[in-house]
Amino acid sequence: GFTFVTLLIKKISGAFNKHTTYASDILLFLLLFFILLKIYKKETDRSPFYLLILYLFFIVLPSIFLQGSSSVLATTFFLAGIYLLFYTEKKYKEFFAATFFAFSLLTKTNTLIPIAITILILLFKKMLTKKKILLLIATLLAILFFFELIFPNMINYTIVSAFKGVPLDL
């Protein structure tokens, strides 16, 4: 995912260097902040000043010094799906939310936990019909299956690489 964004900027700018990576990071941080801001404005009418401060301290700074951009990209995809599901009334929002969830999961397998929690919330609070929840899950699985067909063993590699060096018999 992050590589795709970087390669897209390379295609547009015609260069691939550290400036391309910085540009993709900045665009990614801006996109994530924009999504968070839209959610924040739907939830409250307070000034977004505190959102900005929290965003800088809990997302931007740790990403720069600790995690790297893959976590930010996965979070951006996940929150885009959340925004579609909970804050819009668009037709086929479940399909597009599932697409964002799949890209989030393909970028960082850790997002399986918040995706599963989101689906459980939708089930228990009956925010969507069971048919729409099944559509969401089916779309998510279809996209994962599609990527597995295009890139064989991708999901297996992602899961195994997450546990590299950790004994699997714990």
Side-chain angles (χ1 to χ4, degrees), residues 1-5 8 24 27-46 48 50-52 54-55 58-60 62-63 67-164 166 168-170:
F2 171 73
T3 306
F4 174 75
V5 174
L8 184 63
S24 64
L27 288 175
L28 194 55
F29 284 126
L30 288 173
L31 180 62
L32 178 57
F33 184 74
F34 176 73
I35 293 169
L36 284 170
L37 187 61
K38 289 190 68 91
I39 292 172
Y40 185 82
K41 285 183 177 181
K42 295 265 185 177
E43 288 291 330
T44 184
D45 57 349
R46 294 182 181 171
Y50 295 111
L51 174 67
L52 178 62
L54 291 172
Y55 177 74
F58 290 107
I59 294 180
V60 175
S63 296
Q67 301 169 356
S69 297
S70 66
S71 294
V72 176
L73 183 60
T75 303
T76 303
F77 284 137
F78 175 73
L79 286 177
I82 290 292
Y83 179 77
L84 283 173
L85 273 179
F86 292 103
Y87 299 100
T88 64
E89 295 300 323
K90 300 198 182 295
K91 194 174 183 180
Y92 306 117
K93 68 180 182 179
E94 297 82 15
F95 172 78
F96 292 110
T99 302
F100 282 121
F101 287 163
F103 287 146
S104 177
L105 191 57
L106 289 167
T107 305
K108 199 93 167 150
T109 54
N110 299 354
T111 58
L112 178 61
I113 295 167
I115 291 168
I117 291 170
T118 302
I119 292 171
L120 289 174
I121 288 170
L122 291 169
L123 272 172
F124 289 121
K125 293 212 174 204
K126 298 181 180 176
M127 299 174 86
L128 294 175
T129 64
K130 287 185 180 181
K131 182 179 177 182
K132 289 187 176 187
I133 292 173
L134 286 175
L135 172 68
L136 178 83
I137 294 169
T139 303
L140 177 66
L141 293 175
I143 292 170
L144 293 175
F145 180 73
F146 176 73
F147 273 89
E148 183 66 22
L149 286 176
I150 294 174
F151 306 106
N153 298 319
M154 179 189 71
I155 294 173
N156 184 36
Y157 172 77
T158 304
I159 292 169
V160 170
S161 67
F163 294 107
K164 187 176 181 183
V166 177
L168 297 177
D169 60 347
L170 290 178

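Each of F95, F101, F96 was compared with L84 under the side-chain contact (heavy atoms from CB on, under 4.5 Å) criterion, and only F96 meets it.
Here the OG1-CG distance, from T75 to L31, works out to 11.5 Å after rounding to the nearest 0.5 Å. The CG atom of L28 sits 8.0 Å away from atom CZ of F77, with the distance rounded to the nearest 0.5 Å. If you take CD1 on I143 and CZ on F100, they are separated by 10.0 Å, rounding to the nearest 0.5 Å. Distance CD1/I115 to CD1/I82: 8.5 Å, rounded to 0.5 Å. The CZ atom of F78 lies 12.0 Å from the CG atom of L32; values are rounded to the nearest 0.5 Å. Rounded to the nearest 0.5 angstrom, T111 OG1 and I117 CD1 are separated by 11.5 Å.
In this structure, F103 and L73 have side chains that are not in contact, with every pair of non-hydrogen atoms separated by 4.5 Å or more. Side-chain contact between L135 and L128: absent, with no pair of heavy atoms (C-beta onward) separated by less than 4.5 Å. The closest side-chain heavy-atom distance from K42 to Y83 is below 4.5 Å. For the pair L122/F86, a side-chain contact is recorded, criterion being any heavy-atom separation below 4.5 Å from C-beta on.
Within a 6.0 Å radius of CG in L30, other residues, nucleotides and ligands contribute more than 12 heavy atoms.
Between K93 and T88, the shortest heavy-atom contact is NZ-O, 3.2 Å. The two atoms that bring A102 and L144 nearest to each other are O-CD2, 4.2 Å, heavy atoms only. Across every non-hydrogen atom of E94 and L136, the tightest pair is O-CD1, 3.2 Å. Shortest non-hydrogen contact noted between T107 and A74 is CG2-N, 3.9 Å. Closest approach of A97 and G81 over heavy atoms only: CB-O, 3.6 Å.
In terms of modelled atom types and a separation under 3.5 Å, the side chain of Y87 and the main chain of E43 share no donor-acceptor contact. Checking side-chain atoms of T76 against main-chain N and O of V72 turns up a donor-acceptor pair under 3.5 Å.
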